[in-house]
Visitor: 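So that we are looking at the same thing, I have put the structure below in structure tokens.
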Amino acid sequence: MWRWFHEWGSPRYFYARSGRLLPYLAGLTLLLIPTGIVWGLLYAPADYQQGHSYRIMYVHVPAAILAQSSYAMMAAAGMVSLIWRLKLADAAMQTAAPIGAWVTAIALITGALWGKPMWGTYWVWDARLTSTLILLFLFAGVLALRQAAGPSQSGGRAAAVLAVVGLINLPIIKFSVDWWFTLHQPASFSVTEKPAMPIEMWAPLLAMVIGVYGWFFWVWLLRLRQEIREREVRSEWIRQRYQNEF
Amino acid sequence: MKFGPMKAHRRTILVQIALLVALAGLALTFVLQALDSNINLFFSPIQVVAGEAPHGERIRVGGMVEEGSIERSDRSLQVEFDVTDMAGSTFRVRYTGILPDLFRAGQGVVATGVLTEDRLFEAEEILAKHDEKYMPPEVALALEAGGKAAGDGS
């Protein structure tokens, strides 16, 4: 286990191995997202209360789920970079932050667009919406702190501490609809109970959720590999690998 | 995870991080507890009936729109209805304006306005609260035909 950890922690090894994953992630993404979008927007049945407006959930729900799990992954990378001083983990945290911020923004915007016709308002300061806005600020804060510190790895410590402490927000987002009176409805899915919608509705949603995870890992890897190239531009292995282009 | 081969200074950092997160979590728990009633978006019917919701101030109240209680005015956009918690606590809401798409009997509602006298709420804004259930219209019709009101779950 520790050998594995040390091997993958080396930028050179990681760079060589992760390149092989890219086509699979791209394939998964390009297969599932168009399938989920077309299926959800055109073929899934309309809702008895909301009509066609509910279809925005095929973007909103995957974005909201991914926003929270990408934060957890970014914080995990921050934790590894704090404890083991791994350059790779620091780069992983830095490159995850902007993706997570955009995904959170998409979740907030699609939610607002749905809220106007359904609830009667774009925004209300209830616990779910407010804690999700804080998630966006946390992503932005980690990104800003990390960028301000410059390329040195030790500069990433403040950002990593913020990322790890911000983990506290995740259970608050998740349970906000149960702990307080909110305008946002409670979750339609749980591990222990049947989904609160039929399979014709949740199957395309599942395709979208898996699809956006594939997309996230794809884009994250692309950004991380670019970051490695930039940081290791003077190292021997990069020179050898790209000697034809120098 | 096995921490055997972990070096001492790394374990120290791990413990420090865990302590920091625990302390921040504890502090936040106290803050949220202290703010409890302010984080709730609205007062529930039982709070309104019990007199816990302040009178004469701009507040939000929420609950379910009682079936068969909606009365619309013929000449204006004024509408009146009962809001209930389905457990015996009910108050009246009066509102003039356009209601959101999802407003209907048996659905949740959140109203902003002033509690004028006991159990009468003068609303200036009505928001519909959606539940977490989704269903194709044919299924809802079939359920209704079968004697079970659609959306009647929670």
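Labels below follow one simple rule: chain letters A, B, ... track the order of the sequence lines, proteins then strands, and each chain is numbered from 1. Quantities reported herein were computed from a predicted structural model and do not represent experimental measurements.
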Visitor: Looking just at side-chain N and O atoms, do A/Tyr71 and A/Thr104 make a donor-acceptor pair shorter than 3.5 Å?
Guide: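 There is no such pair between these side chains.
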Visitor: Are the side chains of B/Leu115 and B/Val48 in touch, meaning some heavy atoms are under 4.5 Å apart?
Guide: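 Touching, per the 4.5 Å side-chain cut-off.
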Visitor: May I ask you to name which of A/Pro171, A/Ser188, A/Pro45 has the most heavy-atom pairs under 4.5 Å with chain B?
Guide: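 That would be A/Ser188.
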Visitor: Answer yes or no: is there a side-chain heavy-atom contact under 4.5 Å between B/Pro54 and B/Ile59?
Guide: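 Yes. Closest side-chain heavy atoms under 4.5 Å.
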Visitor: Applying the side-chain hydrogen bond (donor to acceptor under 3.5 Å, both in side chains) criterion to A/Asp90, which one of A/Arg231, A/Arg157, A/Arg85 satisfies it?
Guide: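 Testing each of A/Arg231, A/Arg157, A/Arg85 against A/Asp90, the sole residue satisfying side-chain hydrogen bond (donor to acceptor under 3.5 Å, both in side chains) is A/Arg231.
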Visitor: So which part of A/Trp202 gets closer than 4.5 Å to some heavy atom of chain B, the side chain, the backbone, both or neither?
Guide: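 Neither part.
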Visitor: So, do B/Glu80 and B/Val93 sit near enough that their side-chain heavy atoms are less than 4.5 Å apart?
Guide: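 Answer no - side chains too far apart.
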Visitor: Should we count CZ of A/Arg12 as having more than 12 external heavy atoms under 6.0 Å?
Guide: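 Counting other residues, nucleotides and ligands, CZ of A/Arg12 stays at 12 neighbours or fewer.
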Visitor: Under 4.5 Å, heavy atom to heavy atom, which residues of residues 108-120 of chain A contact chain B?
Guide: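 Result: A/Trp114, A/Pro117, A/Met118, A/Trp119, A/Gly120.
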Visitor: If you count heavy-atom pairs within less than 4.5 Å of chain B, which of A/Thr130, A/Thr182, A/Val161, A/Leu167 leads?
Guide: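 Looking at each of A/Thr130, A/Thr182, A/Val161, A/Leu167 in turn, A/Thr182 comes out on top.
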Visitor: If I measure from the heavy atoms of chain B, does A/Val177 come under 4.5 Å with its side chain, its backbone, both, or neither?
Guide: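 Neither part; nothing is under 4.5 Å.
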Visitor: Would you call B/Leu32 and A/Trp180 a side-chain contact if the rule is heavy atoms closer than 4.5 Å?
Guide: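 Yes, their side chains come closer than 4.5 Å.
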Visitor: Quick one about A/Gln50 and B/His130 (side-chain donor to acceptor, distance below 3.5 Å, no hydrogens or angles considered), yes or no?
Guide: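 Yes, A/Gln50 and B/His130 have a side-chain donor paired with an acceptor closer than 3.5 Å.
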Visitor: Around B/Ile98, counting heavy atoms of other residues, nucleotides and ligands shown, do more than 12 lie under 6.0 Å from its CD1?
Guide: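 Atom CD1 in B/Ile98 is not packed in, count stays at 12 or less.
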Visitor: Given heavy-atom pairs under 4.5 angstrom as the criterion, report whether the side chain, backbone, both or neither of B/Ile39 touches chain A.
Guide: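 Interface part for B/Ile39: both.
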Visitor: Quick one: what part of A/Ala44 sits under 4.5 Å from any heavy atom of chain B, side chain, backbone, both or neither?
Guide: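 Contact with chain B is absent: no heavy atom of A/Ala44 under 4.5 Å.
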Visitor: Salt bridge or not between B/Arg58 and B/Glu125? Use side-chain N to carboxylate O under 4.0 Å.
Guide: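 Salt bridge flag = no for B/Glu125 with B/Arg58.
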Visitor: Using non-hydrogen atoms only, which part of A/Ile172 is less than 4.5 Å away from chain B: side chain, backbone, both, or neither?
Guide: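 Side chain of A/Ile172 only, per the 4.5 Å heavy-atom cut-off to chain B.
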Visitor: Contact part of B/Thr12 toward chain A, heavy-atom cut-off under 4.5 Å: side chain, backbone, both or neither?
Guide: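 For B/Thr12, neither part sits under 4.5 Å from chain A.
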Visitor: Hydrogens and angles aside, do A/Arg128 and A/Ser176 bring a side-chain donor and acceptor to less than 3.5 Å of each other?
Guide: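 Checked: A/Arg128/A/Ser176 side chains pair up, N/O donor to acceptor below 3.5 Å.
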Visitor: With only heavy atoms counted, which part of B/Leu99 is less than 4.5 Å from chain A, the side chain, the backbone, both or neither?
Guide: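 No part of it gets close to chain A.
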Visitor: For chain A, which of B/Val21, B/Val109, B/Leu28, B/Leu102 has the most heavy-atom pairs under 4.5 Å?
Guide: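 The candidate making the most pairs under 4.5 Å is B/Leu102.
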Visitor: In terms of heavy-atom proximity below 4.5 Å to chain A, should B/Val110 be classed as side chain, backbone, both, or neither?
Guide: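 For B/Val110, side-chain heavy atoms alone lie under 4.5 Å from chain A.
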